[in-house]
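Reviewing the structure listed below.
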Amino acid sequence: MAQKLKAEMYDKVNFMCRRYMDRIARFRLDYDFVPDKEAFSKALCALYEASPVFHSRFVNNPINPYWLVCDYKIEDSFTFEETEDIEKSAYDFLVQGIDIKDSTQMKIAVFHKNGRCAVCFRWNHMLIDGGGFKQFARDLFRSYSEIAEKGSHPVSFLTGSRSYTEVYSDMDKATRRKAQSQILGNSAHEKKTLPFTEKSKEDRNILIFKKIDAEVFTKAAAKGKNLGATANDVLVAAYIRSAYKLIGCDKGEKISVSCAVDLRRYMKNPDRIGYTNHTTFMPCTIEGIGEAMADTVKKVAECNSKNKNDPFLGLHGLPLLNFAYKAMIYVQAEPTVALFYANANLALSNVGKVDRKLFSLGSHEPTDAFVAGGAKVKPCAAVNALTLDGRLTLSMTIQGTDEDRAMVERFFEGMEEELRSFGE
């Protein structure tokens, strides 16, 4: 009999999000070498065998959905290809989706040419979030290095629980009781959005990204620090100011940008859990942007500081969400949850600094990287960001047209202008 795996709460929430996006997360790393194909395949097989959810298909059972573990060939998940155009091959790979009935819900490709390569990941967000991907990549790359250099892979993989309740495990009883009583959610209901075109049959998955020089971002981040703001605060402020200009807001208008929060912050040892999702979003809301970028940075820093002082940051609404799935059969629960689930029009997920060592393949460290989220249905404008050696990469994946692409490019240019002028 085929093995079944439990569909956890976050699996169901992310499946529901097919209403708003393609649910596919993306990541790319560049190297000045070409990895060993056989060693990579063996490392990937070892991880999949330890955590079979990666070679499972999701069964949308109306009573209680689940994962069905599938037989698979590594070629179902891993592509290794010499190409004439790394950029085109990587882009074409990353904008694709993944059928929920596919035997593997993680797709990896190595595109190489003249001793250089791009290692591309595309996966169903129901499996893992950004924090889960860091754990996945760390273990996969460590296993690859052991095999390529020593011929073996004595690497342990994550095999623990994928349940959202793991966020409470390290709390004392009193704190856990309070955390599990945070019934009301704290989502942004921002109606403002970037000026996308209307939805149409012409819409297709489009990936837009922007690289901003290290000097520009490091100067802006340093000035923000002098004002008591984090690098993320500065980034959110640049997002807001650029959006204001494109939308045509008055300077005194309220605006909310939803920012990603990794709930692994509540765990003493995240390695005890399985590869899974533990991310939620918290709104950063400010009343007007002020005159200068410094004014906006101060407003954002003040709001985010209040959020961080909340002892239950990101935990609001989780018990109610779980109750909805448990109190009803799934075919009833999904539309009910969708009624109070707010898909943010304006959102930012900042991965932060890329750890070169974490993403090393043997002795080879990445020369570049970027992350991108699901292809959102308009009017959602969700930005992903990361830095490598101070260089900032912004990305957005949308279901839109070339006109939408041009608009998002102007939005990113506006963010760069704000960062540049602020750092000068």
Side-chain angles (χ1 to χ4, degrees), residues 3 5 25-56 69-83 86 89-90 93-94 98 102-124 127-128 130-162 269-276 354-369 371 388-389:
Q3 182 184 3
L5 303 175
R26 289 117 172 141
F27 204 95
R28 170 177 165 175
L29 295 155
D30 290 81
Y31 299 86
D32 284 336
F33 96 116
V34 179
D36 182 273
K37 178 182 178 181
E38 185 177 352
F40 207 113
S41 296
K42 287 181 178 179
L44 191 58
C45 280
L47 196 159
Y48 282 5
E49 291 308 302
S51 186
V53 72
F54 289 106
H55 60 95
S56 302
V69 180
C70 300
D71 293 331
Y72 71 102
K73 303 186 297 293
I74 199 61
E75 292 78 17
D76 297 334
S77 181
F78 180 50
T79 300
F80 191 92
E81 180 182 309
E82 184 172 9
T83 178
I86 289 178
S89 295
F93 173 84
L94 289 169
I98 299 175
D102 202 307
S103 62
T104 57
Q105 295 292 305
M106 168 73 76
K107 308 296 181 183
I108 305 172
V110 175
F111 299 108
H112 64 93
K113 178 183 179 181
N114 298 335
R116 293 178 53 251
C117 80
V119 181
C120 303
F121 298 83
R122 188 178 82 243
W123 70 91
N124 184 339
L127 295 176
I128 49 174
F133 175 73
K134 285 183 180 179
Q135 295 171 313
F136 174 93
R138 174 200 63 187
D139 295 341
L140 174 64
F141 287 10
R142 283 169 55 218
S143 182
Y144 167 87
S145 300
E146 287 288 337
I147 295 170
E149 296 174 354
K150 302 176 183 177
S152 60
H153 51 89
V155 175
S156 60
F157 301 106
L158 302 189
T159 57
S161 170
R162 300 182 66 249
N269 177 23
D271 282 357
R272 65 175 169 72
I273 64 171
Y275 304 105
T276 188
V354 170
D355 184 343
R356 285 181 174 274
K357 297 296 183 184
L358 174 67
F359 294 108
S360 292
L361 286 166
S363 60
H364 302 276
E365 297 181 352
T367 57
D368 204 357
V371 61
L388 179 66
D389 295 337

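Each residue takes its place number in the sequence, starting with 1.
- The closest side-chain heavy-atom distance from Met106 to Leu140 is not below 4.5 Å.
- The six-membered or imidazole ring of His364 lies near that of Phe33, with a centre-to-centre distance under 6.0 Å.
- Proximity of a side-chain donor or acceptor of Arg356 to a complementary backbone N or O of Glu365 within less than 3.5 Å is not detected.
- Of all heavy-atom pairs spanning Leu94 and Cys120, the tightest one is CD2-CB, 3.9 Å.
- Classified by interplanar angle (parallel below 30°, tilted 30° to 60°, perpendicular above 60°), the ring pair Phe133/Phe121 is perpendicular.
- Annotation for Tyr275 and Gly132: closest pair CD2-O, 4.2 Å, computed over non-hydrogen atoms.
- Residue pairs satisfying the salt bridge (charged side-chain N to carboxylate O under 4.0 Å, His left out) criterion with at least one member in residues 148-158, sequence neighbours excluded, are listed as follows: Glu146-Lys150.
- Judged as a salt bridge (charged side-chain N to carboxylate O under 4.0 Å, His left out), and not counting sequence neighbours, the contacts of Lys73 are Asp76.
- Heavy atoms only, all atoms of each residue included: Ala109 and Phe93 are closest at CB-CE1, 3.6 Å.
- Proximity of Ser161 to Ile273: side-chain heavy atoms (C-beta onward) are nowhere separated by under 4.5 Å.
- In this structure, Ser143 contributes its side chain and Asp139 its backbone to no donor-acceptor pair below 3.5 Å.
- Annotation: salt bridge (charged side-chain N to carboxylate O under 4.0 Å, His left out) contacts of Arg122 (sequence neighbours excluded): none.
- Atom NZ of Lys42 has 12 or fewer heavy atoms from other residues, nucleotides or ligands within 6.0 Å.
- For Glu81, the CD atom counts as densely surrounded, since its 6.0 Å shell holds more than 12 non-hydrogen atoms of other residues, nucleotides or ligands.
- Remark: Tyr72 pairs with Tyr48, His55 by the ring pair (Phe, Tyr, Trp, His ring centres under 6.0 Å) rule, at least two apart or across chains.
- Scanning for ring pair (Phe, Tyr, Trp, His ring centres under 6.0 Å) contacts around Phe157 gives an empty result, with sequence neighbours left out.
- In this structure, the side chain of Arg162 engages the main chain of Leu127 through a donor-acceptor pair within 3.5 Å.
- Around CG of Asn269, the count of heavy atoms belonging to other residues, nucleotides or ligands within 6.0 Å exceeds 12.
- Distance CG/Leu361 to CG/Leu29: 8.0 Å, rounded to 0.5 Å.
- In this view, Phe136 and Phe54 satisfy the ring pair (Phe, Tyr, Trp, His ring centres under 6.0 Å) rule, not counting sequence neighbours.
- Rounding to the nearest 0.5 angstrom, the gap separating the OG1 atom in Thr159 from the CZ atom in Arg272 is 12.5 Å.
- Counting only distance, with no hydrogens or angles, the side chain of Ser145 and the backbone of Phe141 share a donor-acceptor pair below 3.5 Å.
- Proximity of the aromatic rings of His112 and Phe80 is defined here by a centroid distance below 6.0 angstrom, and this criterion is met.
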